[in-house]
Asker: 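Below you'll find the structure I mean.
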Amino acid sequence: MQSQLDKRAVEQADLYDEDFFEWTRRSADLLRAGRFERADIEHIAEEIEDMGKRDLKELNSRVQVLVGHLLKWQLQPAKRSRSWSSTIVTQRIEIEADLKQSPSLKRKVRSGLPDNYEKAVRRATAETGLASDLFPAECPFTVEQILDPEFLPRAQ
Amino acid sequence: MQSQLDKPAVEQADLYDEDFFEWTCRNAELLRSGRFEQADVEHIAEEIEDMGKRDLRALDSHEEVLVAHLLKCQFQPEKRSPSWQNTIAVQRAGVARLLQRFPSLRGRIKPDLPMNYGFAVGRAVRDTGLPKNHFPAECPFTVEQILDPEFLP
């Protein structure tokens, strides 16, 4: 009898859509047995890559929340609250953990900053009701300041 | 200069703990270029397997809540409420959705039932305040009854 693992790679690829659970078990078995020619390598590569992308997306979202709160701290000093400083601390702790697990993501914090800044401004305008032109056109904080546990901007 | 991808598999395995994001990028590339001998195959297999286990855990969790509510319906009939019946319907829909996407999970329902039944009893004890020995030692419902959208004890 032909074993399920002997099926051709193209059939393993069909399985990816038809029965993901079975696909994970067979793919793991094929990899461990070194039978790469039978394995659905393209989907396996995609899944591995997606795990990294999910981490990156989570990091970006944390940076946006953090920078959004630093902006509010700077522009609305009268409304500073425990809740704001708690959000800032929490996001920094989580980002620190992400960067400890994946130090290479630090580069992405730098390269992704313009994009994350734009989204942080959108978050902050929605939350404060302030006009978006009250916010600096470019991020007024450096990556080091954003990640520094001690840094809080002065009121403007 | 030696490319990062040329490093032996043992170094790619270190990377798994030292820089997970970089590990995902490199190994995806190694797989796509067919350089399996350089790839960290053991960790890749583990990660792929874990993805399936997540679906299995989701199934177990639906089943636990579902069976706990069926038990409550049977042993506290005076307290039956639309909320309980709604929970039962929602959990059944969740199971149906998982089984549609991952048909082979169906094979796990029967063997996992004793374990999930144990958790379901624990949940029912917490929710109802009834003693544990108030509930049957073995699941009084068949798999077919548990999944049947019409069945209520």
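Lettering follows sequence order; numbering is per chain, from 1.
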Asker: Which residues in residues 78-115 of chain A have a heavy atom less than 4.5 Å from any heavy atom of chain B?
Answerer: A:Lys100, A:Gln101, A:Ser102, A:Pro103, A:Ser104, A:Leu105, A:Arg107, A:Lys108
Asker: Parallel, tilted or perpendicular, judged at 30° and 60°: which one describes the rings of A:Phe20 and B:Phe102?
Answerer: tilted
Asker: May I ask you to name which of A:Thr24, A:Asp55, A:Asp17 has the most heavy-atom pairs under 4.5 Å with chain B?
Answerer: A:Thr24
Asker: Once you round to the nearest 0.5 Å, how far does CG of B:Leu59 lie from CZ of B:Arg108?
Answerer: 9.5 Å
Asker: Any idea which of A:Leu31, A:Ile48, A:Leu56 has the most non-hydrogen atom pairs under 4.5 angstrom with chain B?
Answerer: A:Ile48
Asker: Would you mind telling me which of B:Glu49, B:Glu29, B:Arg32 has the largest number of heavy-atom pairs within less than 4.5 Å of chain A?
Answerer: B:Arg32
Asker: Is it the side chain or the backbone of B:Glu46 that comes within 4.5 Å of chain A heavy atoms, both, or neither?
Answerer: both
Asker: Count the heavy-atom pairs under 4.5 Å between each of B:Leu30, B:Ile44, B:Asp55 and chain A, then report the option with the highest count.
Answerer: B:Ile44
Asker: Please step through salt bridge (charged side-chain N to carboxylate O under 4.0 Å, His left out) for the pair A:Arg62 and A:Glu58, ending with a clear verdict.
Answerer: CA-CA 6 Å; A:Arg62 294 193 184 288; A:Glu58 186 193 280; 3.4 Å; yes
Asker: Given side chains that start at C-beta, do those of B:Thr128 and B:Phe135 come closer than 4.5 Å, heavy atoms only?
Answerer: yes
Asker: If two hydrophobic side chains count as joined below 4.5 Å and joins carry through other members, does B:Val67 share a cluster with B:Leu152?
Answerer: yes
Asker: Does the side chain of B:Ile109 come within less than 4.5 Å of B:Ile146's, by heavy atoms?
Answerer: no
Asker: Sort B:Glu22 into side chain, backbone, both or neither according to what part of it lies under 4.5 angstrom from a heavy atom of chain A.
Answerer: both
